[in-house]
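For clarity, every value in this text was computed on a predicted model and none was experimentally measured. Note on naming: letters A, B, ... go to the chains in the order of the sequence lines (proteins, then strands), and numbering restarts at 1 for each one. FYI, side chains are in, hydrogens and waters are out, and symmetry mates aren't considered; it's all heavy atoms of this structure.
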Number of protein chains: 2
Amino acid sequence: MPLNNPTRTAPVTTADKVFEQMQHAIVEGKILAGSKISEPELAKQYQISRSTLREALNRLEKCHLVERKANIGSRVVECTTQGLLELYITREALEGMACRQAAINITDEEISDMQAMLQRHSQSPALQDGVSYYQEQGDLDFHYKVILASHNQQLINLICGQLYHLVRMYRCQFGMNSPRASRAFDEHSHIIQAIADRDGELAEMLMRRHIAASRINIESKISKIKFQNKQ
Amino acid sequence: MPLNNPTRTAPVTTADKVFEQMQHAIVEGKILAGSKISEPELAKQYQISRSTLREALNRLEKCHLVERKANIGSRVVECTTQGLLELYITREALEGMACRQAAINITDEEISDMQAMLQRHSQSPALQDGVSYYQEQGDLDFHYKVILASHNQQLINLICGQLYHLVRMYRCQFGMNSPRASRAFDEHSHIIQAIADRDGELAEMLMRRHIAASRINIESKISKIKFQNKQ
DNA sequence: TCTTAATAAATTGTCGACAATTTTGTTGTT
DNA sequence: AACAACAAAATTGTCGACAATTTATTAAGA
């Protein structure tokens, strides 16, 4: 089970496999954001029938990576500054609550597990500031563990099954791979402490600030890029 | 545009229509919660092909009303006490944040609109404590307006497009139609006031308490029912 | 030359049939 | 009677073809 999706099940049907391929292609920008999706073209490309492709498209729509309009067709979602802002505000709400619930529902075993992970991260700086998209698992791993520890299936499905696909897409396409390295590590540490202390209120507050800081960090990078482009 | 779904577009394709029919049937319990869905059977029942039915099923899956497993089939979601609890906790997080964003992004026009709605509700007690599923629009209307006023498309899609289908299902199937009548009206009033004052922090806190109170109210009703059944 | 209308091409929606998988029912053995 | 292996039935997944709708192209008129 890959680190970047703890809730996923092994792909059994061909639609599953095509879904995963397209998912990666969209996240990495190989299929361009905002571009129209031609069913006949992609069906031929993946060597499958249109029915199967449409099945895959439906799943991509479920995780908000494509949008479909009746009789018009499908488009890959666009990556806009506003969309990123909205996404992080939503994350703040959901992961904040997940963190509060984690403080309530986490098992002792999961606490040990998270502390062990933190220990590993402290010893391998490469994990603290992942350089590429595939190496950012340190941060994602932390967030996934917190979310799963909430033991709230509704929150888990929403965040891991839907939001995080978009999060990865934005991170990848905007080149925001290293989420504030050392600072993030400290913040992770404090959050785990609050959870271990069963202090739900503090845990939620810290997680919300952690995500808000991450959002502001990314926003500033974007505005720099925009500034450069105008020069 | 029906009151109970402000983000919905008119159904154009037959899959759309079947989706809406099934949606209502599931929410109202005409298709039993937790029951298996036979594709051949339902396709015959609705006089459509299996492809079209599957398209409808995909949309039902998108709003979490059915769950599908590969090679096994689809089932209507179950209505469990835990599921209800999880749903309301998620609502608390999302609608709380939506309320905070509304305090930031709402237009003067929308403020007037909400105050006018409140005025109408105060004069028609029937709207304050809706008796049946179809008459609970007073409460739903309020929540929808707040969510839309957030002007955050991500939040709007998640809450209106997904969560609220489940909310209506639980309300309908557990017979929790009147959401604490008069108390709710006062709470609505205070929330709108906070939004109009542009006090995002207070607005979020009030909305969270409002939903938490609603959750606790429903929980107590459920435990009473369980108690009765054991007698 | 620019709009508008009509027509042709392409794309999406729907259908029925076949293949693959799961479930059910049966048979045979312990 | 209980269990296992096998066979039959039913269900889901996939395919290609046709219908309905949208988009592109052409023709006509102002």
[atom1] of [X] versus [atom2] of [N]: gap in Å, rounded?
| X | N | atom1 | atom2 | answer |
| --- | --- | --- | --- | --- |
| A:Q47 | D:dG16 | CD | P | 11 Å |
| A:R75 | D:dT22 | CZ | P | 16 Å |
| B:K17 | C:dG13 | NZ | C1' | 12 Å |
| B:N58 | D:dG13 | CG | C1' | 13 Å |
| B:R54 | D:dC15 | CZ | C1' | 12 Å |
| A:I37 | C:dG13 | CD1 | P | 13 Å |
| A:R68 | C:dT12 | CZ | P | 9 Å |
| B:K69 | D:dG13 | NZ | P | 13 Å |

Worksheet entry | Nearest-nucleotide comparison on DNA chain C, the residue closer to the 5′ end among B:E55 and B:R50 |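 The 5'-side residue here is B:E55.
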Discussion item. Between A:E55 and A:K17, does any NZ, NE, NH1 or NH2 come within less than 4.0 Å of an OD or OE carboxylate oxygen?
Written reply: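 Looking at A:K17 and A:E55, the cut-off is not met.
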Worksheet entry | Side-chain N,O (A:S49) to OP1/OP2 (D:dT14) below 4.0 Å |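 Answer no for this pair, as no side-chain N or O of A:S49 is under 4.0 Å from OP1 or OP2.
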Discussion item. Under 4.0 Å from OP1 or OP2 of D:dT22: is there any side-chain N or O of A:K36 that close?
Written reply: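 Answer no for this pair, as no side-chain N or O of A:K36 is under 4.0 Å from OP1 or OP2.
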Which nucleotide, [options], lies nearest any side-chain atom of [X]?
| X | options | answer |
| --- | --- | --- |
| B:E39 | D:dT12, D:dG16, C:dT22 | D:dT12 |
| B:S51 | C:dA17, D:dC15, C:dC15 | C:dC15 |
| A:I48 | D:dC15, D:dT12, C:dG13 | D:dC15 |
| A:T52 | D:dC15, D:dT21, D:dT12 | D:dC15 |

Worksheet item: Per the side chain to side chain contact (heavy atoms under 4.5 Å, CB included) rule, which among A:N105, A:I156, A:I159 passes with A:S150?
Response: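 Answer after filtering A:N105, A:I156, A:I159: A:I156.
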Worksheet entry | Validation row, ring centre B:H210 to ring centre B:H143 under 6.0 Å |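 Here the rings of B:H143 and B:H210 have centres that are less than 6.0 Å from each other.
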Practice prompt. Report yes if some heavy atom in the side chain of B:E109 is under 4.5 Å from a heavy atom in the side chain of B:D113; otherwise report no.
Written response: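 B:E109 vs B:D113: side chains apart.
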Worksheet entry | Mutual orientation of the aromatic rings belonging to A:Y144 and A:Y164 [parallel < 30°, tilted 30-60°, perpendicular > 60°] |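 Because their plane-to-plane angle lies in the 30° to 60° range, the rings of A:Y144 and A:Y164 count as tilted.
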Worksheet entry | Given DNA chain D, 5'-ward residue of the pair A:I72 and A:L53, judged by closest heavy atom |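 On the 5' side of the pair lies A:L53.
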